[in-house]
Amino acid sequence: VSGLVGDITKVGKMIEKLSEANSRIVENIVQISATTQEVTAATQECAAITENNHEDAVNAQDILTGVIEASQRLNKYMN
């Protein structure tokens, strides 16, 4: 009987250690999930900034094209 009690005690300790390990795993999963949400938000913000930068670049190109065309039209007065 004492051997059985000893075995039950060992199993109980192993179950306790497994429970502690499981709790740490759950905590780590929660941290990974939070980090993933932060990365996703940052990526979405970066995509929006990139899109705005592209729009600004296109606008700058259009303005520069207009300046070049105006400059070419003015060239006839320089000669």
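Quick note: numbers below take in every heavy atom, side chains included, and nothing from hydrogens, waters or symmetry partners. All residue numbers refer to positions in the sequence shown, counting from 1.
Taken from CG in L18 to CD1 in I25, the straight-line distance is 9.0 Å, to the nearest 0.5 Å. Between M14 atom CE and T9 atom OG1 the span is 10.5 Å, to the nearest 0.5 Å. Rounded to the nearest 0.5 angstrom, D56 CG and E51 CD are separated by 11.0 Å. The structure places CG of L64 at 12.5 Å from CG of N59, a figure rounded to the nearest 0.5 Å.
Side chain of S71 to main chain of V67: no donor-acceptor pair is present (N/O by atom type, distance under 3.5 Å, no hydrogens or angles). At least one donor-acceptor pair under 3.5 Å links the side chain of T50 to the backbone N or O of C46. The backbone N or O of I29 lies less than 3.5 Å from no partner atom in the side chain of S33, so there is not a single donor-acceptor pair.
Surrounding CD of E20 are more than 12 heavy atoms belonging to other residues, nucleotides or ligands, all under 6.0 Å away. The neighbour count for Q61 CD, taken as heavy atoms of other residues, nucleotides or ligands under 6.0 Å away, does not exceed 12.
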Can you check side chain to side chain contact (heavy atoms under 4.5 Å, CB included) on E27 and V30, steps first, answer last?
CA-CA 5 Å; E27 288 174 23; V30 169; 5.7 Å; no
